[in-house]
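See below for the structure under consideration.
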Number of protein chains: 2
Amino acid sequence: MKCDQLRTELKKRNQRMTAQRDIVLKSFIEAETDHLSADEAYRKVMEKNCRISKATVYRTVELLAGLGLLRRIVFRDGIIRYELVKKGEHHHHHVVCNRCGSVVEFPLDNLDDLEELVREKTGYTIEDHQLKFYGLCPKCQSEKKTQNNRDSETK
Amino acid sequence: MKCDQLRTELKKRNQRMTAQRDIVLKSFIEAETDHLSADEAYRKVMEKNCRISKATVYRTVELLAGLGLLRRIVFRDGIIRYELVKKGEHHHHHVVCNRCGSVVEFPLDNLDDLEELVREKTGYTIEDHQLKFYGLCPKCQSEKKTQNNRDSETK
DNA sequence: CTAGATGCAAAGGTTTTGCAGATTT
DNA sequence: AAATCTGCAAAACCTTTGCATCTAG
């Protein structure tokens with residue numbers, strides 16, 4: 001279980017397991033493929049009538065990211081979101097709708113050979129990479145189409 | 001010249017060429033491969049003792065991005081930065097140092113075939129993509145090494 | 001002349017911080 | 001008991017907005 005992993009990682013650093021940390025972590029487990037910002041995580045926690053302060057949630061998500069339990073994901077809107085790091089998960093990338101902001105994951109082999117090429121060419125040692133695709137989701141494609149039709153009728 | 005392009009794009013939309021817009025655009029031309037946030041652009045402008053209000057700079061960078069003269073770039077820190085769009089430029093990606101935040105560009109063929117694959121699998125029509133590599137720049141690699149050595153001597 | 005742009009200051013929204021009191025180990 | 005964590009409220013940030021004034025076309 002994730003909570004055990006959290007407990008272990010905390011112990012390594014002489015940090016403590018608390019009810020709040022457990023609750024925040026669980027909110028990401030429940031969010032599944034949703035990518036929550038610190039603020040969204042806070043709201044989710046509040047909905048379950050768990051009273052945690054906003055400051056604690058903000059502190060906790062960064063803690064969890066530092067421990068390797070969450071991964072920071074940032075799209076073009078600049079909002080810092082987090083997703084659960086799953087052990088043994090396939091590498092995946094993100095496809096984002098420019099209109100409604102919906103996100104789907106896209107599994108793809110690691111671009112390891114590319115990382116090696118980048119290291120050779122730039123001298124940077126590469127720890128990881130993120131690939132994002134931006135476009136229109138199926139729903140927004142059809143909505144846009146009907147809207148365009150309306151527009152041309154009006155003219 | 002870029003300013004002509006700006007003038008043309010503005011005219012198309014019945015918008016006006018102003019001294020402020022010229023100055024902001026120039027600050028990105030001078031920044032070269034630096035990626036400036038709106039706030040950094042504002043400071044750069046101030047240094048040249050051009051008095052433009054912050055609000056105007058913020059409005060202008062978004063305007064320029066909308067006109068296709070700047071491109072939004074967002075790294076993991078969530079800060080929205082902008083880079084100049086160069087005509088006929090090779091597609092490039094970004095390599096970011098996790099320690100000092102330095103950024104270098106990495107030319108690479110477009111991943112167009114990948115975009116097509118993503119469209120087939122997800123149903124999203126893809127407009128563009130961004131690939132970022134995160135790691136350590138050469139300078140930080142050596143600094144980290146000497147720091148580690150110091151640490152082990154202390155023990 | 002007049003639609004559009006700017007500057008200012010105020011408002012809005014998000015994230016961080018200091019510190020007293022509560023909790024974990 | 002001691003070190004760590006939490007909650008609260010204030011502070012710090014960053015960005016946007018409303019509106020009077022100015023200006024490009």
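Residue numbers begin at 1 in each chain, while the letters A, B, ... track the order of the sequences.
Using a 4.0 Å cut-off, no side-chain N or O of Thr18(B) falls inside it from OP1 or OP2 of dA24(D). Here Gln15(A) does not reach the OP1 or OP2 of dT24(C): none of its side-chain N or O atoms lies under 4.0 Å away. Between Arg21(A) and dT24(C) there is no side-chain N or O to OP1 or OP2 distance below 4.0 Å.
One can place CG of Leu10(B) at 15 Å from C1' of dT23(D), the figure rounded to the nearest angstrom. Nucleotide dC8(D) holds its C1' atom 15 Å from the CD1 atom of Ile52(A), rounded to whole Å. One atom, CD of Gln20(A), and another, P of dT4(D), lie 17 Å apart when rounded to the nearest Å. A straight line from CG of Asp77(A) to P of dT14(C) spans 12 Å, rounded to a whole angstrom. Separating the NZ atom of Lys11(A) from the P atom of dT4(D) is a distance of 15 Å, rounded to the nearest angstrom. The distance from atom CG of Asp22(A) to atom C1' of dT6(D) is 15 Å, rounded to the nearest whole Å. Between the P atom of dA3(C) and the CG atom of Asn14(B) lies a distance of 12 Å, rounded to the nearest Å.
No option in Thr56(A), Val61(A), Leu36(A) other than Val61(A) meets the side-chain contact (heavy atoms from CB on, under 4.5 Å) test with Val24(A).
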Output one line per pair: protein atom, nucleotide atom from nucleotides 10-21 of chain D, and distance, for all N/O pairs under 3.5 Å.
residue: dT15(D); atom: OP2; partner: Tyr58(B); partner atom: OH; Å: 2.4

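For the residue pair His94(B) / His35(B), a side-chain donor-acceptor distance below 3.5 Å is found, with atom types taken as modelled.
Checking dG7(C), dG4(C), dT4(D) against the side-chain heavy atoms of Arg16(A) singles out dT4(D) as nearest.
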Margin query: For Ile73(A) and Arg71(A): C-alpha separation, side-chain torsions, deciding distance, then whether side chain to side chain contact (heavy atoms under 4.5 Å, CB included) applies.
Written below: CA-CA 6 Å; Ile73(A) 301 289; Arg71(A) 181 186 299 122; 4.1 Å; yes
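Heavy-atom minimum distance, Arg119(B) versus Tyr124(B): CG-O, 3.1 Å.
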